[in-house]
Amino acid sequence: MILGKDPKRIAFYVFYDKDGILDDYVSYQVADLKKNVDHILFLANGKLTHESRKKIEPLVDEVFVRDNEGFDIEAHRKGIELIGWDKLAEYDELVMMNDTCFGPIYPFKEAFDWAATEDLDFWGLTTHGEMPVNTFTVHKYDYIPEHIQGNFIVVRNSLLTSREYHEFWKELPLIKTYYDAIGCYETVFTKYFKDKGYRAEVYSNSDDLKKVSYYPLMFIPTEMAKNRRCPIFKRKIFFGYHPYEARDICTFGEHVSEFIRFLEEETEYDINMVWDNLLRTCHMEQLKHYCNFNRVLPYDYSVNKHNSKVLIVVHVYYNDLISYVVNYLKNAPEYCDILITVSNEKNKQTFIEESKRVNLKNNTKFIMIENRGRDVSALLVGAYEDYKNYDLVFFLHDKKTVIVEPWSIGASWQDKCFENLLGTTAYIENIVDLFEKEKRLGMAFPPPPFSVSNAYTWLMDWQWSHNYSSTEKLIKDFKLNVPIAQDREPIAPLGTMFAFRPKALEKLFGGYKGTGWRYEDFPKEPNGNDGTFLHAIERGYPYFAQEAGYYVCWLLNSEWAQVELQTYYYGWHKDRMQLNNMKVDQRNNVIFSNGDVEAIKNSTSWKITKPLRALGDLLVKLRLKR
């Protein structure tokens, strides 16, 4: 069937959000769709807030809110019931679409104009390739056929009015699970009707990519958008693919970063619509993992010069470390102001003397604070009157970790924090440049302490330590509307040293009442080394940034990145070889002892596919507890 002039179209658009909030990417998408169709039935699964209803109603013809059952398939069935087969028969095309994709990058009109000249019975935007194994418990076939993806599929009148199409819906079982939706509908729809002689095609053809990827829209999105004019892109590329970690299986993970650059540099699509939705609905761990929120900046040369208002806050507690701190502060560009928090006059005088020694020229201010709340109160109380007057703030503190021996382990952690925040003047300039370029970056900080066999290996495996419940309480007390879960690690500045955009932490600085913190809000000393209110705030920082609409990232300079890369690789290699009791013969061939294969398959490392695993009795106990 080839469409005539001015075809008449109706669309079912399915929306779901657990809070019923409709983000701008949906209204933008629907508005562009409306340019191509005569009638839109907007089907909301679950709930739709009053504000969201007011936003969408001017863009559509009908709004229907239904129980969140059966995913988009049962919503489409409801749409058929509401409109009726007789009324649907008056349309040349039925468009069935959902909110699982962002876009359009290019106007939908391009696709509709292309399809109008093709002799088709149904069509879509993209296909999912054939897979030889049936991964669904309920499925019509013993494999996954190539199929048009259900996020955008158009049924033309020749199929819409057919007996086969009506019977298909009549015989389709009630959709109850995700596996039902994919196994009973989406993956069978195309083959089922093609086998009955109906013609189908997709706008962004990927037949030549079958050996490259079975799921081009997910794993080679830049190719699909840039070279095949695909107007939509999957939300899931930014936060994960159900039911397994396919980011690590199908690529090295570079495709998401590449696509973000493409969106920002080569399209007019407002990527803020992406971040507005993802930062509200996704765990930061997911975004960090999939979007590669890791930034490695040059150590010995600066990219640009800046005049941003920058404040460096340093809490000084140990008198014998003041020389160490000042030697890093001398790297600060002269336009950076410095705020030093101290709890006694001796430290202040020592700092002044050391500043003269290195000829520190920056405008420096001292704040006398109470010794209650450690570095956390030093920032939240001591810097409260100053931080909001700046575009970017660095926060560091002297650090002695003497609970583990040798003390050089703790010293390495301090070095890691200072080197990757204040390593050189050029590097500091590059951090300022990073925040100026990435407007949605709220915090940046060095990765957690990690070395293959020392006392901190467990932090890489279980970064919550004993602090999940207290952090969760903090987030609830502040009424933050961000996801938090015990099985999703916090992407937090362990060590409490970081650079941040003041707006990102504004709600935290305001305290429980919005008027700031008092020293009385923090526990008295002696305080514990873990599991305290202070450690909850340490892990809570990124959640406040996320609530404010910002993401966070790990930050390394180019010199330290060499160390980090080698450490991670060695940790992965050692974990694989020793965790599962592998043996090596004299010819250096790996020998698997009895039970090793099962041990590998059942190990935490294998299941989660996170290579940064550690060894030791403490780690084993933590894994067993999980």
Side-chain angles (χ1 to χ4, degrees), residues 1-14 29 32-41 72-73 76-77 79-80 83 85 87-98 101 103-130 140-141 144-169 172 185-210 215-217 224-225 227-232:
M1 176 182 177
I2 298 178
L3 297 184
K5 186 178 180 181
D6 299 324
K8 188 177 180 182
R9 300 185 179 102
I10 184 172
F12 296 163
Y13 188 97
V14 182
Q29 194 169 84
D32 192 85
L33 178 64
K34 181 62 176 175
K35 297 175 183 178
N36 304 277
V37 302
D38 300 277
H39 189 99
I40 296 180
L41 170 60
D72 55 333
I73 312 305
H76 290 154
R77 199 195 308 257
I80 293 172
I83 302 299
W85 287 116
K87 187 68 175 177
L88 286 174
E90 298 176 6
Y91 291 93
D92 296 299
E93 288 185 324
L94 166 62
V95 182
M96 291 181 286
M97 187 176 180
N98 62 42
C101 289
I105 304 172
Y106 317 108
F108 284 131
K109 187 177 186 302
E110 292 185 12
F112 281 108
D113 287 350
W114 163 84
T117 62
E118 299 290 321
D119 187 8
L120 302 170
D121 299 299
F122 63 103
W123 63 278
L125 294 177
T126 58
T127 54
H128 188 294
E130 178 181 318
K140 187 177 180 66
Y141 310 105
I144 304 299
E146 180 180 74
H147 56 277
I148 297 175
Q149 293 185 264
N151 47 56
F152 188 104
I153 190 165
V154 183
V155 176
R156 204 158 275 181
N157 186 271
S158 54
L159 175 59
L160 182 63
T161 58
S162 70
R163 177 175 55 84
E164 290 94 340
Y165 190 68
H166 290 199
E167 288 181 350
F168 176 84
W169 280 100
L172 184 69
Y185 180 83
E186 180 170 349
T187 59
V188 305
F189 186 94
T190 304
K191 176 175 170 56
Y192 179 82
F193 286 107
K194 273 190 169 184
D195 286 350
K196 292 184 178 296
Y198 292 96
R199 292 154 296 185
E201 190 53 86
V202 293
Y203 173 62
S204 298
N205 189 284
S206 58
D207 287 346
D208 59 319
L209 300 175
K210 290 181 179 179
Y215 195 167
L217 189 60
M224 294 299 292
N227 299 325
R228 294 157 202 261
R229 301 289 290 184
C230 183
I232 60 173

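Just so it is clear, the values below take in all heavy atoms, side chains as well, and ignore hydrogens, waters and symmetry mates.
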Original post:
Aromatic rings F122 and F193: how do their planes relate, parallel, tilted or perpendicular, breaks at 30° and 60°?
Top reply: perpendicular
Original post:
Which atom names give the shortest non-hydrogen contact between R9 and N36, and what distance separates them?
Top reply: NH1-O, 3.0 Å
**OP:** Would you please classify the geometry between the W123 ring and the F152 ring as parallel, tilted or perpendicular, with 30° and 60° separating the classes?
**Re:** tilted
Original post:
Is it true that R199 and D121 have a side-chain N and a carboxylate O under 4.0 angstrom from each other?
Top reply: yes
Subject >> Side chain Q29, main chain I232, donor-acceptor under 3.5 Å >> reply: no
**OP:** Using side chain to side chain contact (heavy atoms under 4.5 Å, CB included) as the criterion, point out the one residue from L94, D92, L160 that pairs with I10.
**Re:** L94
**OP:** Give the minimum heavy-atom separation between R229 and Y203, together with the two atoms involved.
**Re:** O-CE2, 3.3 Å
Original post:
Considering only heavy atoms from C-beta outward, does the side chain of D6 approach that of K8 to under 4.5 Å?
Top reply: no
**OP:** Could you walk me through whether R228 and T126 pass side chain to side chain contact (heavy atoms under 4.5 Å, CB included), step by step?
**Re:** CA-CA 10 Å; R228 294 157 202 261; T126 58; over 6 Å; no
**OP:** Report yes or no: does T190 contribute a side-chain atom to a donor-acceptor pair with the main-chain N or O of I148 at less than 3.5 Å?
**Re:** yes
**OP:** Would you name the heavy atoms of C230 and L217 that are closest together and state the gap between them?
**Re:** SG-CD1, 3.8 Å
**OP:** Please examine the side chains of N151 and N98, heavy atoms only from C-beta on, and report whether any two atoms are closer than 4.5 Å.
**Re:** yes
Original post:
Hey, are Y192 and E164 close enough side-chain-wise for a donor-acceptor pair under 3.5 Å?
Top reply: no
Original post:
Would a distance-only check, ignoring hydrogens and angles, find a side-chain to backbone donor-acceptor pair under 3.5 Å from T187 to I144?
Top reply: no
Original post:
Quick one: does L125's side chain get under 4.5 Å of P231's, heavy atoms only?
Top reply: yes
**OP:** Using a 4.5 Å cut-off on heavy atoms from C-beta on, say whether the side chain of D72 contacts that of M96.
**Re:** no
Subject >> Heavy-atom check, side chain of L120 versus side chain of V154, under 4.5 Å >> reply: no
Original post:
Does the side chain of T127 come under 3.5 Å of the side chain of E146 through a donor N or O and an acceptor N or O?
Top reply: no
Subject >> Derivation and outcome, side chain to side chain contact (heavy atoms under 4.5 Å, CB included), residues V202 and Q149 >> reply: CA-CA 9 Å; V202 293; Q149 293 185 264; over 6 Å; no
Original post:
Do Y13 and V95 come within less than 4.5 Å of each other through their side chains, counting heavy atoms only?
Top reply: no
Subject >> OG on S162 to CZ on R156, rounded to 0.5 Å >> reply: 14.0 Å
Original post:
Less than 4.5 Å apart, any side-chain heavy atom of M97 and any of F108?
Top reply: yes
**OP:** Answer whether the closest heavy-atom distance between the side chains of F189 and H147 falls below 4.5 Å.
**Re:** no
**OP:** Look at the rings of Y165 and W85 and say which category their plane angle falls in: under 30° parallel, 30 to 60° tilted, over 60° perpendicular.
**Re:** perpendicular
